[in-house]
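Keep in mind that what you see is a predicted model, and the values were worked out from it rather than measured.
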Amino acid sequence: MTENFKNFNEKFKVDDLLIIQTDYWRWSLRPAQCTLGAGILSLKRPAETMSELTAEEGSDLIFITKTIESTLKKAFNMEKMNYIMLMMVDFHIHYHVIPRYSKDLKFANICFKDLGWPKPPVLDAEVPDMSVLLQIKDYLKSLL
């Protein structure tokens, strides 16, 4: 395992916040919940550029994005979906999965606001207590 891959998994708490994985991809909850249900979609193996993807990984990406979008629609009635791939700091193939909402949402007695709506998302957000993150994760998993 490369150091970048290890650091990525630790930073985003992928194992603790894992919602679902396919043969090639993992969808985990994003610790900083810039919108309710914000996640990380990451390749399961170490890789740093999109050109490293195999045809099978590309095909599986389509499958998991359909799963993510249908689950977030069911869970929180997301209105739009943003996938953001920057990889300027975290050198591993991943997308920030940001469901978008025009209205505030309440979950676990916390009000979640989409501060960027209807423009690009504001990615900075407080990290809720791990117990709240686990509640969100478990709720999303229950809808799969």
Side-chain angles (χ1 to χ4, degrees), residues 1-105 107-108 110 112-130 132-144:
M1 179 177 343
T2 69
E3 194 66 25
N4 286 337
F5 187 64
K6 180 180 176 225
N7 292 341
F8 173 86
N9 287 327
E10 289 172 3
K11 176 180 180 178
F12 289 105
K13 300 176 176 35
V14 173
D15 292 332
D16 294 333
L17 298 175
L18 185 66
I19 298 165
I20 189 175
Q21 60 184 327
T22 61
D23 289 340
Y24 302 102
W25 295 91
R26 304 168 297 178
W27 174 34
S28 56
L29 201 64
R30 189 175 187 268
Q33 288 288 285
C34 54
T35 63
L36 182 57
I40 299 290
L41 174 57
S42 60
L43 192 62
K44 286 173 64 173
R45 67 174 177 88
E48 295 182 10
T49 64
M50 287 296 285
S51 61
E52 294 177 60
L53 286 182
T54 66
E56 293 82 8
E57 290 165 340
S59 187
D60 196 39
L61 180 61
I62 294 167
F63 170 78
I64 197 167
T65 57
K66 288 180 181 185
T67 302
I68 291 168
E69 290 177 18
S70 66
T71 304
L72 288 167
K73 183 73 171 168
K74 210 182 315 180
F76 308 121
N77 199 29
M78 65 98 179
E79 297 171 53
K80 297 280 184 186
M81 180 64 78
N82 293 161
Y83 293 93
I84 302 170
M85 177 185 262
L86 300 171
M87 296 191 311
M88 296 301 293
V89 175
D90 304 300
F91 304 115
H92 175 65
I93 294 177
H94 71 284
Y95 296 88
H96 294 264
V97 177
I98 313 297
R100 305 301 307 275
Y101 310 99
S102 62
K103 297 178 176 89
D104 296 349
L105 297 172
F107 186 91
I110 298 172
F112 291 86
K113 299 175 181 282
D114 185 338
L115 297 175
W117 181 270
K119 296 179 181 177
V122 175
L123 296 179
D124 293 334
E126 289 186 31
V127 176
D129 186 77
M130 182 57 91
V132 172
L133 292 171
L134 293 174
Q135 285 178 58
I136 298 168
K137 177 196 82 164
D138 290 344
Y139 178 59
L140 291 170
K141 283 180 80 161
S142 76
L143 298 174
L144 295 171

Side chain to side chain, Ile136 and Val132, heavy atoms closer than 4.5 Å: yes
Apply side-chain contact (heavy atoms from CB on, under 4.5 Å) to Leu53 and Leu43, showing your working. CA-CA 9 Å; Leu53 286 182; Leu43 192 62; 3.9 Å; yes
Please assess Asp15 against Asn9 for the test side-chain contact (heavy atoms from CB on, under 4.5 Å), listing each intermediate value before the final yes or no. CA-CA 7 Å; Asp15 292 332; Asn9 287 327; 5.5 Å; no
Under 3.5 Å donor-acceptor, Lys80 side chain and Pro118 backbone: no
Closest heavy-atom pair and its distance - Leu18, Lys141: O-CD, 3.7 Å
How about Asp124 and Leu115: do any of their side-chain heavy atoms sit closer than 4.5 Å? no
With sequence neighbours excluded, give me every ring pair (Phe, Tyr, Trp, His ring centres under 6.0 Å) pair touching residues 13-64. none
Residues two or more places apart in sequence or in another chain: which of them pass side-chain hydrogen bond (donor to acceptor under 3.5 Å, both in side chains) with Ser51? Thr49
Pairs where residues 68-92 contributes a residue and the test ring pair (Phe, Tyr, Trp, His ring centres under 6.0 Å) is met, not counting sequence neighbours: Phe5-His92, Phe8-His92, Phe76-Phe107, Phe76-Tyr139
For Asp138, salt bridge (Lys or Arg N to Asp or Glu O under 4.0 Å) partners two or more places apart: none
Heavy-atom closest pair (Lys113 atom, Asp104 atom, distance to 0.1 Å) is NZ-OD2, 2.9 Å
Contacts of type salt bridge (Lys or Arg N to Asp or Glu O under 4.0 Å), residue Lys11, not counting sequence neighbours: Asp90
Any heavy-atom pair between the side chains of Glu56 and Asp23 that's under 4.5 Å? no
Begin from the C-alpha positions of Glu57 and Lys44 and carry the test side-chain contact (heavy atoms from CB on, under 4.5 Å) through to its verdict. CA-CA 10 Å; Glu57 290 165 340; Lys44 286 173 64 173; over 6 Å; no
Result block: side-chain N/O donor-acceptor pairs under 3.5 angstrom for residues 30-42, not counting sequence neighbours:
unit_1	atom_1	unit_2	atom_2	d
Arg30	NE	His96	ND1	3.0
Arg30	NH1	Ala32	O	2.7
Arg30	NH1	Leu123	O	3.3
Gln33	OE1	Gly37	N	2.8
Gln33	OE1	Ala38	N	3.4
Gln33	NE2	Arg30	O	2.6
Gln33	NE2	Ala38	O	2.8
Thr35	OG1	Pro99	O	2.7
Ser42	OG	Arg26	NE	3.2
Ser42	OG	Arg26	NH2	3.0

